[in-house]
Each structure stands twice: as structure tokens, then as C-alpha cells.
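What follows is one structure encoded as C-alpha cells, with my remarks underneath.
Labels below follow one simple rule: chain letters A, B, ... track the order of the sequence lines, proteins then strands, and each chain is numbered from 1. Keep in mind that what you see is a predicted model, and the values were worked out from it rather than measured.
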There are 2 protein chains.
Amino acid sequence: MIWAGDKMDFVAPVVVGVATLSQTMEDGRTQMVGLLLPSDFIGRPGREIAPYNVNAVSDVTVCCFRKRPFESLLVSTPHVGQRLLEMALDELDAAREWMLLLGRKTAREKIASLIAIIARRDQELKAALPDGQMSVELPLTREAMADYLGLTLETVSRQVSALKKDGVIQLEGKRKVLIPDMDVLLEETGDDTDGGPLI
Amino acid sequence: MIWAGDKMDFVAPVVVGVATLSQTMEDGRTQMVGLLLPSDFIGRPGREIAPYNVNAVSDVTVCCFRKRPFESLLVSTPHVGQRLLEMALDELDAAREWMLLLGRKTAREKIASLIAIIARRDQELKAALPDGQMSVELPLTREAMADYLGLTLETVSRQVSALKKDGVIQLEGKRKVLIPDMDVLLEETGDDTDGGPLI
DNA sequence: CGTTTTCTTGAGATGTGTCAATCCTCGTGG
DNA sequence: CCACGAGGATTGACACATCTCAAGAAAACG
């Protein structure tokens with residue numbers, strides 16, 4: 001959708017679909033740095049040049065605002081600014097969680113964490129299956145998962161297979177994952193298990 | 001200064017000194033997720049519980065505001081909110097740069113990047129030495145550097161030695177680094193070298 | 001000084017990356 | 001309907017970067 005370095009004279013919240021933010025080094029190594037879901041913003045006030053690549057994962061609908069009018073909207077309607085601040089701080093927290101994952105987790109923990117993150121997000125939409133099982137659709141290819149997690153796609157594939165072999169997950173086709181016991185999966189993420197949700 | 005899980009009923013910009021934000025896993029692995037410099041905020045509106053550990057690197061002076069009054073200030077003074085939004089978005093960009101470093105850079109590139117980041121920050125304060133050289137004071141121990149970079153302190157030590165042996169940097173004591181040629185250091189970071197500053 | 005912290009260096013283990021071959025799964029066109 | 005091809009996924013063998021464990025050296029500090 002957008003290449004790093006492009007001129008951006010608009011901001012645009014995602015309305016439908018999923019897009020990714022990523023950075024690429026000269027030799028091709030790429031790291032995903034953000035996942036844009038509906039209501040997330042592409043672009044930001046006070047910046048002319050896009051610093052990251054934006055890729056559509058699925059078909060995406062966005063809602064473009066020219067930047068200049070949007071910036072004056074910010075000034076005239078404080079409520080909008082407050083909402084944006086909330087969102088930015090939430091994204092910052094997500095980024096920090098992600099930094100722990102990238103810097104300190106093992107490949108297996110990374111995969112388990114990713115599945116848990118997606119599962120948690122889906123959980124908010126549709127209820128879990130009756131018996132504590134959960135089924136999630138991975139919206140990403142193995143390569144995209146690798147770029148998200150700071151791994152190679154081969155390692156992703158191996159660890160997914162390993163988790164399957166150990167009974168932590170089951171596969172239905174390539175992209176669908178069945179989680180027999182969420183607690184077992186959470187054990188594998190390396191995160192605190194007791195931690196209640198932070199307010 | 002603060003442990004993750006603590007109740008926080010205030011927000012506090014740093015006035016003097018340097019502090020770090022970090023997360024720790026049950027088995028002790030820790031990852032630094034933020035560096036708080038003067039003007040950066042500890043705590044955020046709309047959150048009761050501290051999600052991260054805050055550690056003072058040097059003596060730190062902060063300026064505490066009770067959260068409730070501060071939140072009403074946000075509502076009544078839009079300008080403050082806009083400034084906070086700017087800062088949050090800048091931090092988000094920094095976090096994303098950091099994610100690329102954690103996920104995709106080699107140990108040597110990580111070290112070079114860290115030194116370059118600190119050098120750039122210092123550069124804004126005091127001018128460079130005449131002949132293109134630069135001298136920077138590392139405010140961090142090897143262990144803190146390791147937690148910042150997602151490495152072990154042994155690897156940090158080895159890579160610092162390697163950069164010294166290769167003439168990229170020189171050491172004056174343990175904590176002071178002399179950079180004979182900034183461009184050579186930037187080569188080692190793996191970043192785009194041609195990139196002008198993004199606006 | 002002695003003690004403690006911080007840093008350096010080595011040897012070996014190990015997790016992840018690299019390179020390469022093969023296998024699915026689908027969609028396309030003969 | 002089937003062969004074919006392309007993109008994605010899996011698996012294996014091996015290389016290598018980083019971690020782990022351990023011993024010392026150097027600096028900081030009372």
C-alpha cells in the first residue's frame with residue numbers, strides 16, 4: 001500500500017481488513033513493527049514522510065483525511081486528540097510487550113505467544129467453544145509470522161510442528177489452529193500466568 | 001523506583017537524570033523497553049497499575065502530579081494533550097526502531113546502533129570534536145546494555161572489544177567511548193546510511 | 001588493604017539460521 | 001479431467017552466532 005519514504009499528505013484509519021507496518025534493511029532483512037486493525041491509524045499528524053512500509057494482509061478499506069484539515073480538527077476538537085492519545089499509549093504498550101518477545105523469548109515461546117495473542121483478540125469477538133477449546137484462524141503466512149517474530153520461516157514451521165507434536169495445538173488445514181487447552185498454551189508463552197488483566 | 005504491579009496514582013515527568021523501563025519474566029530474563037530522559041513521562045492517564053519496572057540509572061528528579069487533577073488538566077487544556085500525543089507518537093517510532101534492532105540485527109550491529117543512538121543524542125547537546133571525532137559517555141553498565149539490546153553481558157563485552165580491535169571505537173576507561181569516524185560506526189549499524197533525517 | 005562489583009576472556013553447548021530438497025494445495029489452461 | 005506450475009509449507013543436514021558456565025582481571029569502595 002505504501003513504501004517507506006513515500007510522501008504522505010493524509011492520515012487514514014483502517015475501516016475493514018488487516019494491514020502491517022514493517023521496516024526493511026538494505027540486505028532484505030525485514031521486521032514487522034505494527035499490526036493495523038480496524039480503527040488503527042495509518043500516518044500521523046506532524047510527519048510528511050512515511051517511515052514504514054504498509055502492506056495489506058487482506059482486502060483493506062481505509063478512510064482518508066487530508067492532513068491539513070485533520071490537524072485543525074485536532075486543535076478544534078480536543079476530544080479527538082484525547083482519543084488518539086489513548087490509542088497511541090495503548091500501541092506503545094503493545095510495542096513494549098512485543099519488545100520483550102523479540103529480545104528475550106525463545107522461538108517456541110514466540111510462536112506460542114503469537115497464537116495466544118491472536119486467540120485473545122478473536123476471543124473478544126466470538127465466544128470460545130464449549131469445552132474450553134478454541135479455534136483460531138491465523139491471518140498470516142509463515143513468512144509474515146517470521147517477520148513478526150524476528151525468526152526465519154523455517155524456524156516458524158519447525159516450532160509449529162513441535163507444538164503440534166506435543167499436543168499444545170492441533171492444525172486444521174494450514175491456517176487454522178485448534179487450541180485444546182488455553183492454559184497449556186499460555187504456559188508455553190513464558191509469560192506470567194497468574195497475572196490478572198492490568199487496568 | 002517502581003515495580004511492575006505497583007499502584008500508581010500519579011504521573012510524573014522526569015526533570016533530571018535517566019531512568020529505564022523494563023519487563024522481567026518469571027525466570028529472571030529481563031528486557032528494557034524504554035529509556036526515560038528529562039521531559040519523558042512516568043505513568044499515563046487512564047491506568048491504575050504500573051505495567052513495568054522503573055529503575056533510576058542516575059540520580060533522578062521527577063515532578064509528581066496526582067492523576068485525577070492531571071486528567072482534568074488534560075480536558076481543560078487541549079494544548080497539553082496535543083503535546084503529549086506528539087511525545088507518545090515519537091516514543092512509538094523509537095520503539096519501532098528498537099523492534100527492528102531486537103528482531104533482526106546481529107550483536108555487532110546492536111552494539112554499534114546503541115553507541116550511535118547515544119552519540120546522536122549527545123550531539124544535540126554538545127558540539128562534536130573539531131576533526132569529526134566524537135566522545136560519548138555511556139550511561140549504562142554492560143548488564144543494562146545487554147538488557148537494552150536483548151543480549152547477554154558477555155556478548156556485549158565481546159562485541160565492544162571487537163569494535164575496539166577493529167578501530168571503529170576507542171575506549172577511555174570503561175564507560176567513555178571515542179568515535180574516530182562517525183560514518184564508519186554508522187556503517188556498522190546496518191541502517192540505511194543515505195537516509196536523510198525524516199521530518 | 002580487603003571486599004564487592006563490574007568487566008573481560010575462554011571453552012564448550014545449543015538454538016536458530018542457511019541451504020537445499022520435497023511436498024502440499026490450489027488455480028489455470030490444455 | 002488431468003497435467004502443470006506456482007506459492008506456501010515442511011523437513012533434513014549442517015554452519016555458525018550467541019548463550020552458558022567458569023575463571024580471572026580490573027576497577028570501585030569502604
Donor-acceptor pair, distance only, cut-off 3.5 Å: does the side chain of [X] make one with the backbone of [Y]?
X	Y	result
B:Arg104	A:Thr30	yes
A:Thr155	A:Leu151	no
A:Ser58	A:Val18	yes

* To the nearest Å, how far apart are A:Lys176 NZ and D:dA9 P? -> 16 Å

* Please state how far atom CZ in A:Arg142 lies from atom C1' in D:dG7, giving the value in whole angstrom units. => 14 Å

* Summarise how protein sits on nucleotides 13-30 of chain D as a single string, 5' to 3': B when a protein heavy atom is under 4.0 Å from the base, S for sugar-phosphate-only contact, - for no contact. => B----SSBB---------

* Using the salt bridge (Lys or Arg N to Asp or Glu O under 4.0 Å) rule, pick out the option among A:Arg68, A:Arg66, A:Lys67 that qualifies with A:Asp9. => A:Arg66

* Asked: Can B:Asp147 and B:Arg142 be counted as an ion pair, charged N to O under 4.0 angstrom?
  -> no

* **Carboxylate-amine/guanidinium contact B:Glu137 B:Arg175, below 4.0 Å** => no

* Asked: If we only count heavy atoms from C-beta on, is the A:Leu100 to B:Met25 side-chain gap below 4.5 Å?
  -> yes

* Considering only heavy atoms from C-beta outward, does the side chain of A:Gln82 approach that of B:Gln82 to under 4.5 Å? -> no

* Considering only heavy atoms of chain B and a distance under 4.0 Å, specify the first and last nucleotide of DNA chain C in 5' to 3' order that meet this criterion. => C:dC7 to C:dA11

* Under 4.0 Å between any heavy atoms, over every strand shown, what does B:Arg175 touch: base, sugar-phosphate, or nothing? Just pick one. => sugar-phosphate

* To do: Quick one: label B:Thr141 by what it contacts on the DNA or RNA (base, sugar-phosphate, nothing), any heavy atom closer than 4.0 Å.
  => sugar-phosphate

